[in-house]
Amino acid sequence: MPAPANPCEQALAAWCAHWLSASGAAHTSLKPVAVAYSAGADSTALLMAAKQRWPDRVLALHVHHGLQAAADGFEAHARDFCALHGISLRVEHVQAAHAPGQSPEDAARDVRYTTLAGMAQQMGASVVLLGQHADDQAETLLLALSRGAGLPGLAAMPDRFQRHGVVFGRPLLGLPSRVLRAWLGAAGHAFVDDPSNTDLRYTRNRIRAILMPAWEACFPGFRPLLARSAGHAAQAQTLLDDLARIDLAQTGMPPSITGLQSLGRDRQANALRHWLRCSAGVAASTAQLDELLDQVADCRTRGHRIRIKVASGFVTRDGGHLAFASPAGTSPI
């Protein structure tokens, strides 16, 4: 009896047709393709689809976070699974302890992406594929809504992005977790379940265990609809970014204060968000941005001083322009 078709294969093919062809894949045709492989269900299904598509070029990247005793078992399973299926595996051990004021999830994610990017660059991989799926996308959007996020947050997770000089892809955002797990069971592929996923101290786990079932009970099949809303938000954010680039081309980078004052308040806010995100990698809270806009409006004399806390630094006045002063006395941006 033939093995059932992996639902990830079609999703991966569609992602490749859209992104690899658009980016000119000819120069990457002989490079390795990496999969971030945690040994969990989602990354296992994705890894097997990648192995089917690129039998001689797929590479599994496993990050051992050192945060729980079960992590040693994850690594052991990853090694056994990849050896069984003839897949090259690279493992890196990291310490993902969070800093004061930083959530454990954010700390682990930051270390994971940095480590994956480093491994991919060392191995010459053309892309790193991630196993996030439709449930993860829905959880991300619900989490953003609960935090009062703007459009960047409501856009949830993009299916392609760059970080640390490496292209990352999420080809499975349209597939529910249950579909992936059903295929793994039918195909007989073993995987591990992270016990921390049931720890209700973490906000995302509470959303998964409590809120998602309630939404499903009220709105069956809601996940694709949330994904559609996230797509609309992403499209709107793209247009706002285009407008910000037009406005910043007139105000300069960093923006001049008089140039900002020539714009309406909403366009000022949009331009400032874009400047801070692209130049300093930070985002101002609503209260911080409102205060900054008020200061820009009031800045009519040479002696007017601006110094507003944003993230870990400060937006300041530098002559006729704004600047972002990074922590530890580094140069303004």
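FYI, side chains are in, hydrogens and waters are out, and symmetry mates aren't considered; it's all heavy atoms of this structure. Treat the numbers as computed from the prediction; the structure is a model and nothing was measured.
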Next item on the list: Would you indicate whether the side-chain heavy atoms of L289 and L293 approach each other to under 4.5 Å?
Entry: yes

Next item on the list: Look up atom CD in Q237 and atom CG in L239, then write down how far apart they are to the nearest 0.5 Å.
Entry: 9.0 Å

Note to self: Restricting to ring pair (Phe, Tyr, Trp, His ring centres under 6.0 Å), what partner residues turn up for H85, sequence neighbours left out?
What the structure shows: F81, H189

Notebook entry, point to check: Can you tell if the side chain of V63 reaches within under 4.5 Å of the side chain of M119, non-hydrogen atoms only?
Noted result: yes

Checklist line | Reported NE2-to-CZ distance for the pair H133 and R178, which is rounded to 0.5 angstrom | finding: 11.5 Å

Note to self: Same cluster or not: V179 versus L130, using hydrophobic residues (I, L, V, M, F, W, Y) connected whenever any side-chain heavy atoms lie under 4.5 Å apart?
What the structure shows: no

Checklist line | Under 3.5 Å: donor-acceptor pair, side chain of N205, backbone of S196 | finding: yes

Item checked: Lys/Arg-Asp/Glu bridge criterion (N-O < 4.0 Å) met for R170, D42 -> no

Next item on the list: I would like to know whether V58 and S88 meet side chain to side chain contact (heavy atoms under 4.5 Å, CB included); could you show each step before the answer?
Entry: CA-CA 7 Å; V58 68; S88 297; over 6 Å; no

Note to self: Which heavy atom of D135 sits nearest to which heavy atom of S177, and what is that distance?
What the structure shows: OD1-N, 2.9 Å

Notebook entry, point to check: Under the salt bridge (charged side-chain N to carboxylate O under 4.0 Å, His left out) test, which residues partner D136, sequence neighbours left out?
Noted result: none

Notebook entry, point to check: Under the 3.5 angstrom rule, does the side chain of R90 hit a backbone N or O of L61 as a donor-acceptor pair?
Noted result: no

Item checked: Separation between CG of L129 and CZ of R160, rounded to the nearest 0.5 Å -> 11.5 Å

Next item on the list: For side chain to side chain contact (heavy atoms under 4.5 Å, CB included), just list the numbers for D193 and T198, CA-CA rounded to whole Å, side-chain angles, deciding distance to a tenth of an Å, and then say yes or no.
Entry: CA-CA 10 Å; D193 274 317; T198 60; over 6 Å; no

Item checked: Hphob cluster co-occupancy, L173 + L142, side-chain heavy atoms under 4.5 angstrom -> no

Checklist line | Minimum-distance pair of heavy atoms, taken over all atoms of V128 and A120 | finding: CG2-CB, 3.5 Å

Next item on the list: Dump the intermediate steps for side chain to side chain contact (heavy atoms under 4.5 Å, CB included) on L276 and V315, then the final yes or no.
Entry: CA-CA 9 Å; L276 288 168; V315 174; 3.9 Å; yes

Notebook entry, point to check: Counting only heavy atoms not in D266, do more than 12 fall under 6.0 Å of its CG?
Noted result: no

Note to self: Against L322, only a single residue in L260, T316, I308 fulfils side chain to side chain contact (heavy atoms under 4.5 Å, CB included); can you say which?
What the structure shows: L260

Check: Would you say Q137's side chain and M157's backbone share a donor-acceptor pair under 3.5 angstrom?
Finding: yes

Notebook entry, point to check: Without hydrogens or angle criteria, can the side chains of R204 and T140 be said to hold a donor-acceptor pair below 3.5 Å?
Noted result: yes

Notebook entry, point to check: Does the S43 side chain pair with the main chain of S38, one donor and one acceptor, at a distance under 3.5 Å?
Noted result: yes

Next item on the list: With the side chain counted from C-beta on, respond yes when I306 and L292 share a heavy-atom pair under 4.5 Å apart, and no when they do not.
Entry: yes

Item checked: Closest approach of A45 to C8 (non-hydrogen atoms, all atoms of both residues) -> CB-SG, 3.6 Å

Check: Any sub-3.5 Å donor-acceptor pair from Q121's side-chain atoms to H164's backbone N or O?
Finding: yes

Check: Under a 4.5 Å side-chain heavy-atom rule over Ile, Leu, Val, Met, Phe, Trp and Tyr, are L211 and F222 clustered together?
Finding: yes

Note to self: What's the separation between atom CD1 in I207 and atom CG in L143, rounded to the nearest 0.5 Å?
What the structure shows: 4.5 Å

Note to self: One pair to check against side chain to side chain contact (heavy atoms under 4.5 Å, CB included): V35 and K51. What are the steps and the verdict?
What the structure shows: CA-CA 10 Å; V35 175; K51 177 68 164 61; over 6 Å; no

Margin query: Would you say L12 ends up clustered with I87 if hydrophobic residues are merged whenever their side chains have heavy atoms under 4.5 Å apart, either directly or through other cluster members?
Written below: yes

Note to self: Could you go through R265 and D294, starting from their C-alpha distance and side-chain angles, then the distance that decides it, and tell me whether this counts as salt bridge (charged side-chain N to carboxylate O under 4.0 Å, His left out)?
What the structure shows: CA-CA 9 Å; R265 189 178 176 95; D294 289 342; 3.1 Å; yes

Item checked: Donor + acceptor pair across side chains of R300, Q261 (<3.5 Å) -> yes

Next item on the list: Can you see which heavy atom on A134 is nearest to which on G174, and at what distance?
Entry: CB-C, 4.1 Å

Margin query: Quick check: is L141 connected to L172 through a chain of hydrophobic side chains (ILVMFWY, heavy atoms under 4.5 Å apart)?
Written below: no

Next item on the list: Quick one: closest heavy-atom pair of L184 and F191, and the distance?
Entry: CD1-CD2, 3.7 Å

Notebook entry, point to check: Looking only at heavy atoms, which two atoms of G221 and E216 are closest? And how far apart?
Noted result: N-OE2, 3.1 Å

Check: Are the side chain of H304 and the backbone of R317 linked by a donor-acceptor contact shorter than 3.5 Å?
Finding: no

Note to self: With heavy-atom distances below 4.5 Å as the criterion, would you say the side chains of W19 and V127 are in contact?
What the structure shows: no

Item checked: Approximate separation, where rounding is to 0.5 Å, of R208 CZ and N197 CG -> 5.0 Å

Check: Does T251 offer a backbone N or O that forms a donor-acceptor pair with the side chain of S256 under 3.5 Å?
Finding: yes

Notebook entry, point to check: How many angstroms lie between atom CG of D247 and atom OG of S262, to the nearest 0.5 angstrom?
Noted result: 8.0 Å

Margin query: Check whether W275 reaches the backbone of L248 with its side chain - one donor and one acceptor, N or O, closer than 3.5 Å.
Written below: no

